[in-house]
Amino acid sequence: MGHTATPPPSVGGLTATEHRLANGLRVVLSEDHLTPVAAVCLWYDVGSRHEVAGRTGLAHLFEHLMFQGSAQVQGNGHFELVQGAGGSLNGTTSFERTNYYETMPAHELELALWLEADRMGSLLAALDDESMENQRDVVKNERRQRYDNVPYGTAFERLTAMAFPEGHPYHHTPIGSMADLDAASLEDAREFFRTYYAPNNAVLSVVGDIDPGQTLAWIEKYFGSVPGHEGKRPPRDGSLPDVIGEQKREVIEEDVPARALMAAYRLPHDGTRECDAADVALTALGGGESSRLNKRLVRRDRLAVGAGFGMLRLAGAPSLGWLDVKVSGGVEVSAIEEAVDDELRRFAEEGPTPEEMERAQAQLEREWLDRLATVGGRADELCRYAVLFGDPQLALTAVQRLLEVTPEEVRAVAAARLRPDNRAVLVYEPTAQSEQTEQTEEPAQ
C-alpha cells in the first residue's frame, strides 16, 4: 500500500487513524456508522499568508480555479457529478489554508476520492486563459458583493491591515485586491499550483460510514501516483510583540444604517493554553445575549442594538479578538467606548464570576460538539489539527483543554491583552444622506 499507520486512540467513542502514502500525502480516517454518509476533506497548506506583494488573492482565486475542470472532468463537471450522486461540496480559503470537501452517500465515496485525486494530479491540463478569466471575474464580483458594496463590508479588511503592520504576511485578507486580481497571469496560477497543490503539502481526511481497508485502497489507487513537489516556500514569519503598543484608530463615513464601533485586539497564537483562556474570556464578555457586554450595552443601558466579542484563531500569527457593537439611534460612539472600557477594566481586575466561567465553557463545549457531530465538521477539524499543529488527534481532545482553563488564567489574559493600547479601532459614522433617509422613512403599516 505504501502507507504507514498510527494506532486508533478513542475519545468519547470517536477514533481516528493516520496513514501516510509514499508521495507524502497524509491520510486521516475516522469510522462513524450512525448514518450512511461519508465526508471527504482535503486541506492544502497554503493560504493568503503564503502570497507575496502584488499577487494577493491568488490562493482564493485558485480555490475557484479548482472547480473549473481537470484532465478527466471538464468545466462544471465536479459539481455536476457530486450533486448528481446526492452529495454536497464546496471549498474555502483562509489566511492559513485552502480546503475542499464533499459529503456523499457512503456508496459514492469512491467518486469523491477520484474527483479530488484527478484535479490534484491533472488540473494543469485543463487550466487555460478562458478558465482563468472566467474565475477572475467571479472572484472580483464576490469581492464587490461581500466587501465593497455592503454596509460595514470592508471592516474586516481594514482592521486586519491595522492590527498587522505593512509587510506582515497577515496584513492582507484572502480576498485580495482588485488590482492584484487583474495582474495575476496564467503562468502565476500554474506556478502556484505546481508549488502548493502537491500531495506532500496536503492532508486528506475521510470520516463516516467507511471500510478503512477499502478506503485506503482507493486512496492509494487514485492519489498514490501523483508526484510530490519539493519547491514550496515556507510562509514568512508572522510573530509580533504581544501588544500593539498604541491604539490605532480610523473613522469611516459611509452609507451605513447605524453608527458602529469595531475593534481588533492582538491575542495569543492558536494552539496555546493562553489562547484557550482568551477564548473563554471573549465568550464570557461577548458571546451571546447573556454575555457581560450584551447585558450592559443592550439590555441595561440600551446604548446598542447588538454587541459581540469573538475570536479569530490564528496559528502562524497572533490571534485576533473581534469586538462589534452596533449603536442605538442617537447614541454617540464615545458612550459605547466608555462602557466597553469600564467592563473590560472590571473583568481584568476581578476576572469572570463562577457563573460566567460555567456558561462560557459550556458554550465552547457545545460549539466543539457541534463541529464534531457531523461527518463533514469532524473531517474538517481533523485536517485542521493535522495541518496547523501536526497531530489530528488534538481535534478529539480540544474541549478538554478549554475546560481545564482556570478563572485566574482568564483574568490574566484579559488584563494583559484587552487594553486600549492593544487594539485597532474602526468607528462608522453614517453619512448625512443615510441619516436623513433613516429619519424620513415611514414605519410599515
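In this chain, numbering begins with 1 at the start of the sequence shown.
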Would Arg190 and Phe193 count as a cation-pi pair here, with the cationic atom under 6.0 angstrom from the ring centre and within 45° of the axis? no

With a sphere of 6.0 Å drawn around CD of Gln74, does it hold more than 12 non-hydrogen atoms of other residues, nucleotides or ligands? no

Side chains of Asp242 and Arg417 in contact at under 4.5 Å (non-hydrogen atoms): yes

When Tyr100, Trp114, Phe67 are each screened for ring-ring contact (aromatic ring centres under 6.0 Å, His included) with His78, the one that passes is Phe67

Can you tell me if Asn294 and Ser291 form a side-chain donor-acceptor pair at under 3.5 Å? no

Modelled atom types, side-chain donor and acceptor of Gln393 and Thr397, under 3.5 Å: no

Report, as yes or no, whether the 6.0 Å neighbourhood of atom NZ on Lys140 holds more than 12 heavy atoms from other residues, nucleotides or ligands. yes

Under 3.5 Å, is there a donor on one side chain and an acceptor on the other for Thr406 and Glu409? yes

Say whether His19 and Thr17, considering side chains only, have a donor N or O and an acceptor N or O under 3.5 Å apart. yes

Establish, yes or no, whether a centroid distance under 6.0 Å links the rings of Tyr197 and Phe62. yes

Within the 4.5 Å heavy-atom criterion, are Val427 and Arg249 side-chain neighbours or not? yes

Closest non-hydrogen atom pair between Ala278 and Pro268, with its separation: CB-CD, 4.3 Å

Is there a side-chain contact between Val399 and Leu364, using heavy atoms and a 4.5 Å cut-off? no

Does a side chain donor of either Glu110 or Tyr222 reach within less than 3.5 Å of an acceptor in the other side chain? yes

Assess whether a salt bridge exists between Asp32 and Arg378, defined as any Lys/Arg side-chain N lying under 4.0 Å from an Asp/Glu carboxylate O. yes

Just by distance, no angles: are the side chains of Arg26 and Ser205 close enough, under 3.5 Å, to form a donor-acceptor pair? no

side-chain contact (heavy atoms from CB on, under 4.5 Å) partner of Leu282, chosen from Leu418, Val413, Leu323, Leu293: Leu418

Counting only heavy atoms not in Glu191, do more than 12 fall under 6.0 Å of its CD? yes

Would you check if the distance from the ring center of Trp218 to the ring center of Phe223 is below 6.0 Å? no

Test item: side-chain donor near acceptor, Glu166 and His168, under 3.5 Å: no

Got Met262 and Trp322 here, is their nearest side-chain heavy-atom distance under 4.5 Å? no

Does a side chain donor of either Ser70 or Asp118 reach within less than 3.5 Å of an acceptor in the other side chain? yes

Within the 3.5 Å criterion, strictly below it, is a donor on Asp188 or Ser185 matched to an acceptor on the partner's side chain? yes

Do Asn99 and Asp380 pair up side chain to side chain, a donor and an acceptor below 3.5 Å, judged on atom types alone? yes

Is there a side-chain contact between Gln135 and Leu61 in this structure, where contact means two heavy atoms from C-beta onward sitting under 4.5 Å apart? yes

Could you tell me whether Phe164 and His171 have their ring centroids closer than 6.0 angstrom? no

Are any of the side-chain heavy atoms of Arg233 and Val52 separated by less than 4.5 Å? no

Please give me the minimum heavy-atom distance between His172 and Pro169, naming the atom from each residue. CE1-O, 3.9 Å

Can you find a side-chain donor-acceptor pair between Glu63 and Thr98 that sits under 3.5 Å? no

Looking only at heavy atoms, what is the nearest atom pair of Ala163 and Leu320, with distance? CB-CD2, 3.9 Å

For Leu127 and Leu65, run side chain to side chain contact (heavy atoms under 4.5 Å, CB included): C-alpha distance rounded to whole Å, both residues' side-chain angles, the deciding distance at 0.1 Å, then the answer. CA-CA 8 Å; Leu127 184 58; Leu65 290 172; 4.0 Å; yes

Is it true that Phe95 and Tyr170 have ring centroids separated by less than 6.0 Å? yes

Specify the closest pair of heavy atoms between Val327 and Ala258, including all atoms of both residues, with the distance to one decimal. O-CB, 3.8 Å

